[in-house]
Number of protein chains: 2
Amino acid sequence: MENFYTNDNCPIRDVLSRLGDKWSMLVLVTLNANGTMRFCDVHKAIADISQRMLTVTLRTLEADGLISRKVYAEVPPRVEYRLTELGESLMPRVQMLVDWALEHMGEIMKHREVMVK
Amino acid sequence: MENFYTNDNCPIRDVLSRLGDKWSMLVLVTLNANGTMRFCDVHKAIADISQRMLTVTLRTLEADGLISRKVYAEVPPRVEYRLTELGESLMPRVQMLVDWALEHMGEIMKHREVMVK
DNA sequence: CAGCATCCTAACTGATACTG
DNA sequence: CAGTATCAGTTAGGATGCTG
């Protein structure tokens, strides 16, 4: 029986614990579609995220090296976010998942309704 | 500015709320690698999942139509799980994500260490 | 063997108020 | 504008005991 992931140091769990939270992938997709964005622009694009969660999400993605954060010494302050090369290298893979979701969403919904009983 | 997901009915959020939990993708990858498996075999393959969460995860995946559940009328009982066609269609996309994780894990770890300060 | 029911904790998330 | 701090609610997840 194949069991190719030890419980520690498992890349599947690791990447998913980051991308699988409520907002990370949405932020990545947004930055990928729009390029460089200011904090408030990201917030407008994802209207129902709280300011706190947007900050937390952006900082986590930055810590992983998926996005970069550039602060301008201006008043009022300006902060710009964009994908790094590492982040960009991930996007085609994410896109494939999103495409699959779009394609098969109807089918999944149909299944769920049947299972509700 | 591109904003291609309404807050409701967003396929990205939907697919991720399912695949992005702690165990779903791990179960899918396990079934994909081993084919048909009994409950206890899945449990052995993913040693540190609790029985409860394994049950919950399997039922959710079944409800979405990604795996099938076949109960044999035997004593002791036997239940076999395997990917459906829908589930199998998802696996190549998941695999690309896993491959990316394996490739870039080192880089991500390096970033995290720097950011801890 | 393959589960379900119950209880419990910790983590995630949101609302609100405040600041450089 | 782009945050931080605090508080409170919700939910994911784990431990345990029991059953067909």
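Labels below follow one simple rule: chain letters A, B, ... track the order of the sequence lines, proteins then strands, and each chain is numbered from 1. Atoms considered below: every heavy atom in the structure, side chains included; atoms not considered: hydrogens, waters and symmetry mates.
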Under the 3.5 angstrom rule, does the side chain of Thr84(A) hit a backbone N or O of Leu66(A) as a donor-acceptor pair? yes
Heavy-atom donor-acceptor pair, His104(A) side chain to Leu86(B) backbone, under 3.5 Å: no
Would you please name every residue forming a salt bridge (Lys or Arg N to Asp or Glu O under 4.0 Å) with Asp14(A), sequence neighbours left out? Arg112(B)
Check the distance between [N]'s [atom2] and [X]'s [atom1] and give it to me in whole angstrom.
{"X": "Arg69(B)", "N": "dC1(C)", "atom1": "CZ", "atom2": "C1'", "result": "12 Å"}
{"X": "Tyr72(B)", "N": "dG3(C)", "atom1": "OH", "atom2": "P", "result": "13 Å"}
{"X": "Asp21(B)", "N": "dT13(C)", "atom1": "CG", "atom2": "P", "result": "13 Å"}
{"X": "Glu74(B)", "N": "dA2(C)", "atom1": "CD", "atom2": "C1'", "result": "13 Å"}
{"X": "Met53(A)", "N": "dT13(C)", "atom1": "CE", "atom2": "P", "result": "5 Å"}
{"X": "Ile46(A)", "N": "dT13(C)", "atom1": "CD1", "atom2": "C1'", "result": "15 Å"}

Can you check whether Tyr81(B) has a side-chain N or O nearer than 4.0 Å to OP1 or OP2 of dG3(C)?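 Looking at the OP1 and OP2 atoms of dG3(C), one of them is under 4.0 Å from a side-chain N or O of Tyr81(B).
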Separation of Met91(B) CE from Leu31(B) CG (nearest 0.5 Å):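 So the CG of Leu31(B) and the CE of Met91(B) are separated by 8.5 Å.
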How many angstroms lie between atom CG of Asn32(A) and atom CD of Gln95(A), to the nearest 0.5 angstrom? 7.5 Å
By side-chain contact (heavy atoms from CB on, under 4.5 Å), which residues pair with Val71(B), not counting sequence neighbours? Arg69(B), Val79(B)
So, applying side-chain contact (heavy atoms from CB on, under 4.5 Å) with Ile67(B), which one of Glu62(B), Met37(B), Arg59(B) is it?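 It is Glu62(B), the one option of Glu62(B), Met37(B), Arg59(B) that forms the side-chain contact (heavy atoms from CB on, under 4.5 Å) with Ile67(B).
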Before accepting this row, confirm whether a basic side-chain N of the pair Arg82(A)/Glu80(A) lies closer than 4.0 Å to the acidic partner's carboxylate O. no
Using the 3.5 Å cut-off, write out each protein N or O paired with an N or O of nucleotides 15-20 of chain C and the distance between them.
none

Using the rule that Ile, Leu, Val, Met, Phe, Trp and Tyr join whenever any side-chain heavy atoms are under 4.5 Å apart, tell me whether Tyr81(A) and Met53(A) fall into a single cluster. yes
Exceeds 12 heavy-atom contacts within 6.0 angstrom, atom CD of Glu85(B):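 No, CD of Glu85(B) has 12 or fewer neighbouring heavy atoms, counting only those of other groups under 6.0 Å.
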Using C1' atoms of five pairs at each end, report the bend of the helix from dC1(C)-dG20(D) to dG20(C)-dC1(D) rounded to 10 degrees. 50°
5' to 3' contact window, DNA chain D with chain B (heavy-atom distance under 4.0 Å):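 On DNA chain D, the outermost contacted nucleotides are dG13(D) to dG20(D).
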Would you list the pairs meeting salt bridge (Lys or Arg N to Asp or Glu O under 4.0 Å) in which at least one residue belongs to residues 17-36 of chain B, sequence neighbours left out? Arg18(B)-Asp64(B)
